[in-house]
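This report refers to the structure that appears directly beneath it.
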Amino acid sequence: AVVHLAGEPIAGRRWTRAHKRRIRDSRVLGTRLLAGTLAGLAERPTVLVCASGMNYYGDRGDEVLTEDSPPGQGFLADVCREWEAAADRAREAGIRVVHLRNSLALSPRGGALGRILPLFKFGVGGRLGSGRQYWSWVSIDDATGIIAHALTSEGLDGPVNTASPNPVRNAEFTRTLATVLRRPALVPVPAWSARLALGEMADELLLGSARLAPERLQADGYGFHHPLLEPALRALLGRHGV
């Protein structure tokens, strides 16, 4: 089996033309090279689990997004569509290919949660923009559990929404995090401020709405360790019973 998660980081700084090219090429060209190499082996792996992203769907408001929903618009939506297509050589060679359309993977050690955690601990966190945009999320325990499930479940192939069955709006996410930390969440970030600081990335990563439903995982019998946000945050942050 092969698990392929590599790609240029997409968050943390403004997108320049050169950075956007690295984001795309690291995913599309890297996956195409890997898929072609695996297809040419005399003894091929039986499964390739390859990362993708929930940005495949673009900004879709309140629409419930299953794996059968069409792709959206935007830079990252185009990247994800090309990224998934880049694995076709492996699929054509008879390798089972699973595309993990990853949501926000929650861990205090990095990612979205790791970046905003210090702000909330100091009581200066708050919603982003209107706060009405859906943030689909998954605990790091489920993110790794889903990879293991994809490796071993022979009936699972194609796109898989790697997300909790209970996405929340950004306002609820920030309010819940503040509650778990026993801190206020009274410092909202206006949409214009996020756009001024981050440009195009703000709309695609922070202000866009993606309400994922993990239909294929649930139909395939995957049982989530953390289906609800508050218990997930308490487990991740060691705040049981606080």
Side-chain angles (χ1 to χ4, degrees), residues 1-10 26-28 30-41 43-57 64-71 76-77 79-107 109-113 135-167 210-229 232 235-236:
V2 176
V3 178
H4 175 45
L5 307 177
E8 177 79 10
I10 62 175
S26 65
R27 288 160 173 78
V28 177
T31 301
R32 188 177 298 155
L33 174 62
L34 177 61
T37 301
L38 296 178
L41 294 176
E43 295 186 16
R44 304 182 187 103
T46 59
V47 56
L48 167 63
V49 175
C50 185
S52 180
M54 65 179 179
N55 307 96
Y56 174 93
Y57 303 106
V64 177
L65 301 168
T66 72
E67 290 88 349
D68 294 323
S69 297
L76 289 179
V79 168
C80 288
R81 188 168 58 250
E82 293 183 62
W83 193 2
E84 293 183 11
D88 283 349
R89 284 284 306 280
R91 183 176 291 105
E92 292 162 0
I95 299 171
R96 179 170 62 88
V97 178
V98 179
H99 301 287
L100 302 174
R101 290 180 180 165
N102 291 317
S103 61
L104 298 172
L106 302 185
S107 167
R109 297 186 177 185
L113 179 60
W135 273 20
S136 291
W137 61 275
V138 65
S139 76
I140 193 65
D141 296 325
D142 278 314
T144 53
I146 289 166
I147 292 172
H149 183 83
L151 288 173
T152 57
S153 181
E154 296 180 1
L156 194 65
D157 64 4
V160 171
N161 284 345
T162 306
S164 156
N166 297 289
R211 188 181 182 182
L212 270 61
E215 282 195 351
R216 291 191 178 172
L217 281 173
Q218 291 181 305
D220 202 55
Y222 179 77
F224 282 86
H225 300 286
H226 302 297
L228 299 174
L229 181 61
L236 290 167

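Note that this is a predicted model, so its numbers are computed, not measured.
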message: Could you check whether any side-chain heavy atom of His226 comes within less than 4.5 Å of a side-chain heavy atom of Ser164, counting everything from C-beta outward?
response: no
In short, Ala87 meets Val97 closest at the heavy-atom pair CB-CG1, 4.0 Å
Shortest non-hydrogen pair, Asp141 vs His225, comes out as O-CD2, 4.0 Å
Check: With a 4.0 Å cut-off, would you call Asp157 and Arg216 a salt bridge?
Finding: no
Handout entry: Donor-acceptor contact below 3.5 Å, side chain Asn166 vs main chain Leu229
Key = no
So Leu38 and Val2, side chain to side chain contact (heavy atoms under 4.5 Å, CB included) or not? Walk me through it. CA-CA 9 Å; Leu38 296 178; Val2 176; 4.1 Å; yes
Evaluation steps, side chain to side chain contact (heavy atoms under 4.5 Å, CB included), between Phe224 and Leu217: CA-CA 9 Å; Phe224 282 86; Leu217 281 173; 4.1 Å; yes
Is the side chain of Ser69 donor-acceptor paired with the backbone N or O of Thr66 at a distance under 3.5 Å, no angle test? yes
(request) Measure from the side-chain N and O atoms of Ser139 to the backbone N and O of Ala232, and report whether any donor-acceptor pair falls under 3.5 Å. (result) no
- request: Kindly say whether Ala143 contributes a backbone atom to a donor-acceptor pair with the side chain of Thr162 at under 3.5 angstrom?
  value: no
CD1 (Ile140) and CZ (Arg109) are apart, to the nearest 0.5 Å, by 10.0 Å
Salt bridge (charged side-chain N to carboxylate O under 4.0 Å, His left out) pairs touching residues 87-98, sequence neighbours excluded, are Asp88-Arg91
Checklist entry - Given the rule in the side chain to side chain contact (heavy atoms under 4.5 Å, CB included) test, do Ser153 and Asp220 qualify, once you have shown the distances and angles that lead to the verdict? => result CA-CA 8 Å; Ser153 181; Asp220 202 55; 2.4 Å; yes
Ala1 and Leu151 have their tightest heavy-atom pair at CB-CD2, 3.7 Å
Looking only at heavy atoms, the pair that brings Gly221 and His149 closest together is C-CE1, 4.4 Å
Tightest non-hydrogen contact, residues Glu67 and Pro159, listed as CG-O, 3.3 Å
Could you verify whether a donor N or O on one side chain and an acceptor N or O on the other, from His4 and Thr31, lie under 3.5 Å apart?
yes
Separation between CG (Leu104) and CH2 (Trp135), nearest 0.5 Å, reads 6.0 Å
Any side-chain heavy atom of Tyr57 within less than 4.5 Å of one from Pro70? no
When every non-hydrogen atom of Ala148 is compared with those of Thr152, the smallest separation belongs to O-OG1, 3.1 Å
_So does Ile95 get a backbone contact from the side chain of Arg44, meaning a donor-acceptor N/O pair under 3.5 Å?_
no
Under the side chain to side chain donor-acceptor pair (under 3.5 Å) criterion, do Trp137 and Ser103 qualify, and how do the steps go? CA-CA 5 Å; Trp137 61 275; Ser103 61; over 6 Å; no
The residue among Val3, Val160, Val98 that forms side chain to side chain contact (heavy atoms under 4.5 Å, CB included) with Ile147 is Val3
Any salt bridge between Glu84 and Arg101, counting N to O under 4.0 Å? yes
field: Under 3.5 Å: donor-acceptor pair, side chain of Arg32, backbone of Ala86
entry: no
So, does Asn161 use its side chain to make a donor-acceptor pair with the main chain of Leu65 at under 3.5 Å? yes
Separation between SG (Cys80) and CZ (Arg27), nearest 0.5 Å, reads 8.0 Å
Note, Leu76 side chain near Tyr56 side chain (heavy atom, < 4.5 Å)
no
In this structure, CG of Asn102 is separated from CG of Leu212 (nearest 0.5 Å) by 10.0 Å
Practice prompt. Check the pair Leu106 / Val138 against side chain to side chain contact (heavy atoms under 4.5 Å, CB included), numbers first and verdict last.
Written response: CA-CA 6 Å; Leu106 302 185; Val138 65; over 6 Å; no
